[in-house]
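Reviewing the structure listed below.
What you see is a predicted model, and the numbers here were worked out from it, not measured in a lab. We count ligands from 1, going down the list as the structure has it; atoms in each ligand are counted the same way.
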Amino acid sequence: MNLEKIMNDLEKKHPGEVEYLQAVREVLESLEEVVNENPQFEAAGIIDRLVEPDRILAFKVPWIDDSGKVQVNLGYRVQFNNAIGPYKGGLRFHPSVNLSILKFLGFEQIFKNSLTTLPMGGGKGGSNFDPKGKSNNEVMRFCQSFMLELWRIIGPETDVPAGDIGVGGREIGFLFGMYKKLTMTHVGVLTGKGTNWGGSLVRPEATGFGAVYFAKEMLATKGESFKGKTVCISGFGNVAWGAAIKVTELGGKVVTISGPDGYIYDPDGISAEKIEYLLELRASNQDIVKPYSYEFPNAQFHQGKRPWEVKCDVALPCATQNELGKEDAANLVKNGCICVAEGANMPSTPEAVEVFLENKILFGPGKAVNAGGVATSGLEMSQNSLKYNWSAQEVDEKLHSIMVNIHAACVKHGKQTDGYVNYVKGANIAGFLKVANAMLDQGIL
Ligand code: NDP
């Protein structure tokens, strides 16, 4: 495999798609050895076919705001690869959304979904619509208009979208309602649904819980646990709050959370009661960062800063892509951090990852660490097919065992001769092999 030639060709075909090119390079770097050892992959053009999505639907989303003004956003669905199951991946509503970001996320999703051991292909979608500050009616009108295009290419056996940044239970409800109306069916076409109309228990907290289960396994390889550890978390969205709850449950002390404008440092620890308080603020659509520092006077708000300057044993970046750079990584290592597990997708820049790997600290990449979210979406799909609901305990146990298995697969494919586990390589190879072999079996398509 000639990595530089593949990357040069892709850069020419997709100029400026920075995040997508970054994600492809990161994966292919890990795969060079395994592709060179398996000439059948090259002969079947597996890599050339894998790096391009099967198809992309791009559309406009007109809607009327509360003042009666017509607004127009852009909508996309990237169906990347369905070799091992229906396309599956979230929808992101955020002003920063563009095709490069959705292609990066869709590409990563192929390997993540493969790692879960469940039959799910990779896809991603979204819009540059910003739900922040919009009324419920505005969000509803937007979601309905979005679904008026999307419904044509999704279905429970075709493509099953879910939530992501800016898409939670409310948005999934409005999207599902419109799909149901258009198709006259009540089927498991979306995951993250309300629990009284097809959703799975534990789905909201699954990504954060899964991330902590994965980090727990990583720590165990060094004879360590969360008990008594100081933990820095970024963000306070769907992933971060689940992670904060589970870390606290396992005896760790969460000392930071963050938003785009800064982070909160609470030396007393963000206890379960404080997490409850934060969730209430979040549910009422309020800013959480500043009110928290007023409510708990020992907590300090650090405007414009990231939490990675705080001394900690474990770091869980759970906010967004490229939120942890080289300097942040160097700071964490210098301050004695022994484990970084990515709850978000690609939060560490390639330079930061290099710092972690060079210093041989435990580093878990997003596609393995945060796979618990999509795994539980897969469990929601299974429950929808069975027309049966599992209890919270059953779902949590399945999630836990999936995370343990993903960790074992990463160790199997990522353990170096000196005993260090390169989880980046391990996750990429384990995810890739299953998809590549399925593509081989299915012919050139
Ligand atoms: P949310 O929108 O629920 O939360 C994102 C959080 O990050 C918010 O607290 C947000 O603050 C904060 N944030 C946004 N931008 C920045 C920034 N530049 N610096 C610091 N904080 C920031 O999203 P999710 O929790 O769902 O997703 C977070 C990450 O996890 C994403 O990378 C997503 O792709 C990934 N992921 C999510 C899964 C899920 O199940 N939800 C599954 C797998 C991965 P504010 O609200 O103030 O903007």
Original post:
Can the ring centroids of Phe80 and Phe107 be said to lie less than 6.0 angstrom from one another?
Top reply: yes
Subject >> Heavy-atom proximity to atom 43 (C) of ligand 1, best of Thr320, Leu278, Thr376, Asn370 >> reply: Asn370
Original post:
Is Ser234 near ligand 1, meaning one of its heavy atoms is under 4.0 Å from it?
Top reply: no
Original post:
Among all protein non-hydrogen atoms, which one is nearest to atom 39 (C) of ligand 1, and what is the separation to 0.1 Å?
Top reply: Thr207 OG1, 3.4 Å
**OP:** Measure from NZ or CZ of Lys134 to the centre of the six-membered ring of Phe142 and say whether it is under 6.0 Å with the direction within 45° of the ring axis.
**Re:** no
Original post:
So which protein heavy atom does atom 45 (P) of ligand 1 come closest to, and at what separation?
Top reply: Lys132 NZ, 3.4 Å
**OP:** Determine whether more than 12 heavy atoms belonging to other residues, nucleotides or ligands lie under 6.0 Å from atom NZ of Lys274.
**Re:** yes
Original post:
Do ligand 1 and Asp164 have nitrogen or oxygen atoms that lie under 3.5 Å from each other?
Top reply: yes
Original post:
Near Ser258, which atoms of ligand 1 are under 4.0 Å from a heavy atom of that residue?
Top reply: 20 (C), 21 (N)
Original post:
Does even one non-hydrogen atom of Arg203 get within less than 4.0 Å of ligand 1?
Top reply: yes
Original post:
Got a sec, which residues hit side chain to side chain donor-acceptor pair (under 3.5 Å) with Glu52, two or more places apart in sequence or on another chain?
Top reply: Lys13, His14
Subject >> Residue Phe236 vicinity, atoms of ligand 1 by number, heavy atom under 4.0 Å >> reply: 6 (C), 8 (C), 9 (O)
**OP:** Anything under 30° is parallel, anything over 60° is perpendicular, the rest tilted; go ahead and classify Phe363 against Phe356.
**Re:** parallel
**OP:** Report, in ascending order of atom number, the atoms of ligand 1 lying under 4.0 Å from any heavy atom of Ala344.
**Re:** 29 (C), 30 (O), 32 (O), 35 (C)
Original post:
Closer than 4.0 angstrom: is that true for some heavy atom of His94 and an atom of ligand 1?
Top reply: no
Original post:
Which residue supplies the protein heavy atom nearest to atom 20 (C) of ligand 1, what is that atom called, and how far is it?
Top reply: Gly259 O, 3.2 Å
Original post:
Does Lys60 reach the side chain of Asn73, with side-chain heavy atoms less than 4.5 Å apart?
Top reply: no
Original post:
Closest non-hydrogen protein atom to atom 37 (C) of ligand 1, residue and atom name please, with distance?
Top reply: Val239 CG2, 3.4 Å
**OP:** Tell me whether the centres of the aromatic rings in Phe146 and Trp63 are closer together than 6.0 Å.
**Re:** no
**OP:** For Gly166, counting its heavy atoms only, list the atoms of ligand 1 lying under 4.0 Å from any of them.
**Re:** 2 (O)
Original post:
About how many Å separate CG of Leu190 and CD of Glu171, when rounded to the nearest 0.5 Å?
Top reply: 12.0 Å
Original post:
What about Tyr213 and His407, are their ring centers closer than 6.0 Å?
Top reply: no
Original post:
With respect to atom 13 (N) of ligand 1, which of Gly163, Ala319, Gly372 exhibits the smallest heavy-atom separation?
Top reply: Ala319
Subject >> Whether Arg92 lies under 4.0 Å from ligand 1, heavy atom >> reply: yes
